[in-house]
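This report concerns only the one structure given below.
Chain letters run A, B, ... following the sequence lines, proteins first and then strands; every chain starts at 1. All of these numbers come straight from a predicted model, not from anything done at the bench.
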Amino acid sequence: KVDAVDRGRFKTCSRSGFCTRNREFAAVEDALSPYDLLEDSVSISAARITADLIHKENGEKFLLVISNYQDNTLAYGSLKKRHFINDMKLVVYLATFKNKISINKQKEILFFYITSPFELRFFSDPKTEVLRANSRGLFNIEHYRNKPENNENNEENGVTEEENKNKSKYRQMSDHDLWEEKFQSHSDSKPRGPSSVGMDFSFFGSKNVYGIPEHASSFSLKSTKGTDPYRLYNLDVFEYELDETMALYGSIPLMISTQADKATTSAVFWLNAAETWVDIDHKEDKVDTHWFSESGALDFFVLLGPTPKDIFRQYAALTGTQELPPLFSIAYHQCRWNYKDQEDVATVDQKFDEYDIPYDVLWLDIEHTDEKKYFTWDSNKFPAPKEMLDSLADKGRHMVTIVDPHIKRSSGYSIFDGGNERDLWVKKSDGSSTYEGHCWPGSSSYLDFSSEETRKYWADQFAYDKYEHSTPSLFIWNDMNEPSVFNGPEVTMQKDLIHKGNVEHRDLHNQFGAWVHQATQEGLVARDPESRRSFVLSRAFFAGSQKYGAIWTGDNGADWGHLEASIPMLLSISVTGISFCGADVGGFFGNPNEELLIRWYQAGAYQPFFRAHAHLDTKRREPFLYSAETSGLIRQAIRARYALLPYWYSCFYHASNTGIPVMRPLWVEYPQDSKSFDIEDEYLIGSDLLVKPVTKSNENTVSVYFPEGSDGWYDTLTYESYPSSGHVQVDAPLSKIPVFQRAGSIVPRKQRARRSSSQMENDPYTLIIALDSKGEAHGELYFDDGVSFEYKKSSRNHRQFQFKNNEIISYSTDSAFMESSVVIERIVILGYKGADLTKAQISQQGFVISADVFSSPSPSGPVFTVKRPNALAAYDWKIELH
Amino acid sequence: IVMKSIICGVLLLFVCNVVLSSNEKLFGVPDKEQSIYAGELFTCRESGEKIRNEMVNDDFCDCLDGSDEPGTSACSNVITLSTYEEPRQKGFYCKNQGHKSIFIANSFVNDGICDCCDGSDEYSGHVECKNTCEERGKLELSRVKLEIQLHERGANEKLKMIEEAKLIRPSLQQDLDESKEKLEKLRTNLIELEEKEAKAKALADIAEEIHDDDYDEYIREDEEVDDEEGRLRREDPERMSNQEKFEKEHGVTLVAAKEAYKDAKSEVKTCSRGIRDEENRMEQFEKLLNTDFGLMDEFLPLRGQTFSTRAGGYNYELRVFESATQGSTSLGNWDSWATKYSKMSYTGGKRCWGAGEREVFVTVECGVTTEISEIDEPSTCSYTMVLKTPAACSFEYAQELRANYNFEEELDVDGTGNVKSSWFF
């Protein structure tokens with residue numbers, strides 16, 4: 001088995017010029033920052049401070065702009081241009097979400113600056129300092145300069161600089177690889193010379209920092225002393241390995257710090273789409289971090305929280321929230337490279353029904369196209385795609401086809417011709433000739449997605465009359481959008497390629513994939529104006545990708561390690577804004593054994609994007625191919641997902657409103673519990689379900705940690721109650737994934753099995769009420785049509801449920817309303833301590849009916865079930881229990 | 001709007017109850033099982049709890065095993081593995097008058113998709129289903145008729161194959177016996193040859209010891225040797241070289257002794273190789289003799305027969321019970337029946353990058369002549385073929401089909417397709 005990443009293909013820090021320079025810059029412990037803030041230049045208004053910074057040795061001046069941000073004042077869209085600002089500015093956006101900055105060097109401060117050497121300090125409240133910038137003096141901007149005329153001069157300069165260095169008490173940038181840089185057979189001409197920007201941030205009172213995905217690494221970020229820094233550079237890494245700081249497919253330069261003492265959370269968002277590295281060093285009372293990017297403006301946002309939920313809202317105000325997915329897309333997806341032909345598709349679809357296993361979406365990988373020309377079909381294998389799509393749609397199912405951004409160079413292929421006619425390509429370093437690289441179709445060119453014109457052109461291709469045989473039940477998957485170029489340096493584009501506006505690829509690399517994602521999403525929305533939400537899965541991502549759809553963790557492997565790694569990887573992506581994320585169930589490369597496959601389905605059922613996928617060279621592994629026992633356990637896992645769809649959908653609604661992730665680390669809900677800060681093998685879905693997937697072979701019990709500050713938990717399978725916090729050993733036979741419902745919560749479910757989520761529309765709800773120690777509980781249910789944008793206007797229904805004093809009420813604080821005839825068929829009450837309940841009286845809009853309440857045993861006392869209260873879920877109601 | 005929907009909600013409930021409980025026959029249950037649900041108390045069929053009769057089909061799941069809701073989807077999430085046996089024995093019963101009665105999954109009840117041809121699974125009013133049983137019954141009948149014909153004709157061919165196998169079977173034993181005999185002979189022969197070799201070796205060893213003719217002890221005739229010793233030696237009539245001594249003693253020259261040993265060694269080698277070859281052959285014969293060629297040896301005549309076909313630009317060849325190839329690439333060698341008499345596996349073919357060794361699963365189906373009818377590669381380097389052969393046809397199966405479809409008359413073999421309704425339930 002070939003299962004190791006080819007390290008030689010990817011750069012380490014020592015093979016990257018600017019990484020080496022910045023690390024050397026930071027290496028001397030006690031050297032001073034060469035930058036001062038010129039006191040006289042300071043200008044202060046209510047919303048901003050401007051000042052000049054000066055490099056004390058070479059005299060280069062930079063403008064510092066510090067802006068105070070308020071809630072909902074800025075959409076991410078207006079920020080994008082700033083990657084390319086040439087007159088270097090240091091832009092600090094202080095997301096205090098207060099009306100005014102308090103700038104006072106003595107007291108009542110949220111922020112102050114020090115002039116010499118220049119330093120910034122940030123406070124979440126007057127007594128709590130959370131962050132310092134440039135306190136270690138690592139701020140640096142490599143100013144634009146002209147390439148020295150000849151080598152002789154260069155050497156002379158070198159000598160002089162060398163002498164200067166020896167004399168200087170300030171930090172010095174070395175001249176390592178300032179100009180042309182070589183890697184393997186590739187050469188980066190760097191016509192604009194060195195242009196890196198760097199800054200240090202120290203998170204005070206913190207022991208844990210999170211975020212900056214994507215890495216196959218721990219959730220709580222590790223110190224990088226002795227390893228390479230965490231690298232952010234979107235790359236197609238074949239067979240990636242675990243516990244690595246190597247770059248992967250996506251990048252989000254957001255880092256969040258938790259501080260237990262005062263339960264404060266703060267964050268830095270480094271808005272830069274060029275290659276970026278982050279060094280981390282855990283100190284006694286702080287976490288030191290050092291960020292540097294190869295080019296672009298030095299542009300960062302400080303988010304001061306102070307709660308995790310504040311951070312998510314503040315970050316969402318900058319980059320957007322998770323787009324509310326259509327309901328079908330949070331159900332189960334069946335994918336494989338490749339379902340070979342129409343007959344294969346029909347058989348797989350049929351088998352799911354035969355084995356009574358639900359699924360919503362069948363996927364077609366690259367082999368469905370005519371010679372990897374996206375938007376086309378191989379007519380031998382798929383003679384009647386529309387028929388195929390319609391027959392799936394008849395069962396309420398959907399299909400996803402892959403559409404990648406590399407375009408086969410083949411005249412007569414409409415996308416290639418269209419790109420030529422409009423001249424929409426990424427250009428070679430000369431800025432005029434079209435770039436060519438190798439990908440799946442062979443020789444390919446790449447549309448320049450950084451240009452709005454290209455995105456519009458691309459979006460237009462998804463119109464029903466353009467994308468042949470497409471129907472409203474067809475959705476899209478963008479792969480290889482890092483972009484992947486098989487014969488390029490590090491399997492991607494050369495950095496000196498030119499995009500629209502004479503922008504180097506170097507400056508925008510990490511955002512390329514997000515633009516592809518965006519253009520595709522816009523195309524799907526535009527084909528059904530305002531009437532149908534889109535679903536687009538992307539492999540590459542950047543800050544803000546949550547607005548365009550889902551992402552997944554790329555080409556993982558069918559081994560226990562990758563299953564385990566899926567949790568920290570998805571947590572990292574979740575807390576940095578992208579709620580709709582998942583890992584390939586079963587593992588992409590290799591063949592999982594049945595135990596691993598079962599455990600993976602159980603975990604995947606409780607992760608936001610739930611798709612099974614497999615490599616072309618693997619054995620078939622559809623859930624129905626196994627023994628009755630194995631298939632039965634997989635069916636059970638998938639059905640558990642479907643039963644909880646009302647809850648998942650409600651969580652996604654919150655994510656789309658407030659930016660709060662669907663999949664949450666414990667600290668989002670329990671920021672005062674420092675014991676939870678290092679936990680990365682269990683997590684919450686919303687605030688009410690705690691999940692501990694089994695990720696090791698032959699494990700029949702697992703240790704579950706219940707966070708401090710919670711009021712107990714109930715096993716969702718056995719209803720056993722766990723009243724106190726701390727570690728508990730819980731049974732986890734192969735048939736069970738440990739999942740717990742929070743005491744004090746009410747979780748909505750739909751308990752009837754169906755072949756897809758579409759058929760659940762009219763099915764009744766079950767409410768599970770888990771009482772807290774006071775005998776109370778609260779919960780929510782959100783629903784809408786699951787398909788359209790009507791929910792944004794008024795067609796939605798957001799219910800609140802409350803259990804108090806033997807009374808359950810349903811009410812809404814949302815003025816919007818959506819009609820529905822769906823009733824509540826069952827209410828299960830856990831942890832009820834009073835006298836036995838036998839009857840329920842249901843009042844709704846003047847009608848009163850009664851229902852039976854029966855009791856059944858559980859390991860923690862009787863469980864009471866209201867049988868068929870049949871209250872309409874859409875309306876207010878009250879149930880009195882006797 | 002509000003009031004209306006409340007009434008609807010309450011009405012819906014009411015209607016449901018009427019529909020489900022006022023029927024004399026319980027919904028979703030076959031006639032022969034109606035009595036199980038008839039008493040005042042219903043005993044959950046597998047989990048054993050007793051519940052009141054009105055809780056049966058009341059659209060709420062009461063039994064742990066889900067057996068109280070045969071006619072609704074209320075227990076669709078409660079499954080037992082036996083539900084998935086083929087043909088399905090549990091679930092919602094569609095009577096399907098005019099066609100085959102079947103059970104469907106309870107999750108299909110009132111899901112908006114028509115599954116029973118009589119439409120009985122969709123009674124909630126969300127969708128209207130046409131009754132297609134008669135139409136589908138006709139189609140099914142002609143399909144079954146063709147299948148019966150195929151099996152009966154094929155089974156006649158199979159009888160011939162069984163006869164043929166009876167002739168081949170003894171030859172398999174004979175081959176084995178002959179091989180055993182030959183092996184016995186070779187082994188005896190080997191002992192003799194080894195003895196011979198040992199003797200020759202002993203002699204050759206002595207010959208090896210003799211220095212290349214002890215030349216220094218000679219004094220050549222033309223040599224001037226003046227000393228007494230030389231003179232004496234030259235004149236000694238008994239004077240012999242060691243070679244001469246050896247030759248005299250053993251009756252062979254030094255060279256011949258060495259040659260003889262070489263020859264003996266080579267004979268042993270040849271014989272050993274012969275034994276190994278024969279052992280292999282015997283193993284093959286034994287394996288063949290132990291191969292399961294079907295209950296009546298009906299697959300035996302196919303052994304070693306080659307069937308080929310072209311698909312996707314490749315030539316595929318199956319040597320039954322031996323090997324499979326794609327062009328010159330090995331796809332695998334006979335391994336075993338993956339499923340007895342319906343699926344063969346050929347494994348250990350040429351290794352593929354990423355996907356391991358190639359393998360082929362050959363599904364065996366009834367056909368009047370033997371041929372490969374389908375080739376597929378469902379996952380990389382894992383192939384499937386369909387082999388049609390009379391050996392897989394069965395009179396019993398044909399009879400079973402006739403019985404299941406309750407044919408009253410001889411099968412209409414002239415193909416007019418006239419359907420008599422009495423052929424169905």
(message) Does any backbone or side-chain atom of C61(B) lie under 4.5 Å from a heavy atom of chain A? Answer side chain, backbone, both or neither.
(response)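 Both parts, backbone and side chain.
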In Å and rounded to the nearest 0.5 Å, what is the [atom1] to [atom2] distance from [X] to [Y]?
X       : Y       : atom1 : atom2 : answer
E377(B) : L616(A) : CD    : CG    : 8.0 Å
S856(A) : L64(B)  : OG    : CG    : 9.0 Å
D376(B) : D341(A) : CG    : CG    : 7.0 Å
F60(B)  : T865(A) : CZ    : OG1   : 6.5 Å
F108(B) : D356(A) : CZ    : CG    : 5.5 Å

Counting C-beta onward and ignoring hydrogens, is there a side-chain heavy-atom pair between [X] and [Y] closer than 4.5 Å?
X       : Y       : value
E825(A) : D59(B)  : no
H615(A) : T380(B) : no
Q759(A) : H126(B) : no

(message) If I compare all heavy atoms of R754(A) with all of D111(B), which pair ends up nearest, and what's the gap?
(response)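 Here R754(A) and D111(B) meet closest at NH1-CB, 3.6 Å.
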(message) Between R620(A) and P378(B) (side chain of the first, backbone of the second, donor and acceptor by atom type, cut-off under 3.5 Å), is there such a pair?
(response)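 Such a contact is found between R620(A) side chain and P378(B) backbone.
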(message) Check whether S76(B) reaches the backbone of A753(A) with its side chain - one donor and one acceptor, N or O, closer than 3.5 Å.
(response)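 Yes.
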Would you say that more than 12 heavy atoms from the other residues, nucleotides or ligands in this model lie under 6.0 Å from the [atom1] of [X], or not?
X       : atom1 : value
E33(B)  : CD    : yes
E135(B) : CD    : no
K388(B) : NZ    : no
E357(B) : CD    : yes

(request) Heavy-atom pairs under 4.5 Å with chain B are the metric here; pick the option from T618(A), D763(A), N380(A) that has the most. (result)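 With the most close heavy-atom pairs to chain B, the winner is T618(A).
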(request) For each of Q636(A), K619(A), R755(A), tally heavy-atom pairs with chain B at distances under 4.5 Å, and name the one with the top tally. (result)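 So the answer, after comparing Q636(A), K619(A), R755(A), is R755(A).
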(request) Examine whether an atom of N762(A) lies under 4.5 Å from a heavy atom of chain B, and if so say whether it belongs to the side chain, the backbone or both; otherwise answer neither. (result)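 The side chain, not the backbone.
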(request) Examine whether an atom of F854(A) lies under 4.5 Å from a heavy atom of chain B, and if so say whether it belongs to the side chain, the backbone or both; otherwise answer neither. (result)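 F854(A) touches chain B through side-chain heavy atoms alone.
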(request) Kindly determine whether M55(B) and K867(A) satisfy side-chain contact (heavy atoms from CB on, under 4.5 Å), including the steps that lead there. (result) CA-CA 11 Å; M55(B) 290 160 84; K867(A) 176 174 175 173; 3.6 Å; yes
(request) Ignoring hydrogens and angles, state whether a donor on the side chain of R621(A) or S379(B) is under 3.5 Å from an acceptor on the partner side chain. (result)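 No donor-acceptor contact under 3.5 Å links the two side chains.
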(message) Can a side-chain donor-acceptor contact be found between S73(B) and R752(A) if the only test is distance below 3.5 angstrom?
(response)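 Side-chain D/A pair, R752(A) to S73(B): present.
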(request) Please determine if D115(B) and K395(A) form a salt bridge, counting it only when a charged side-chain N lies under 4.0 Å from a carboxylate O. (result)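 No salt bridge links D115(B) with K395(A).
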(request) Go through the steps to decide whether N77(B) and Y642(A) satisfy the test side-chain contact (heavy atoms from CB on, under 4.5 Å), and finish with yes or no. (result) CA-CA 10 Å; N77(B) 228 330; Y642(A) 278 78; over 6 Å; no
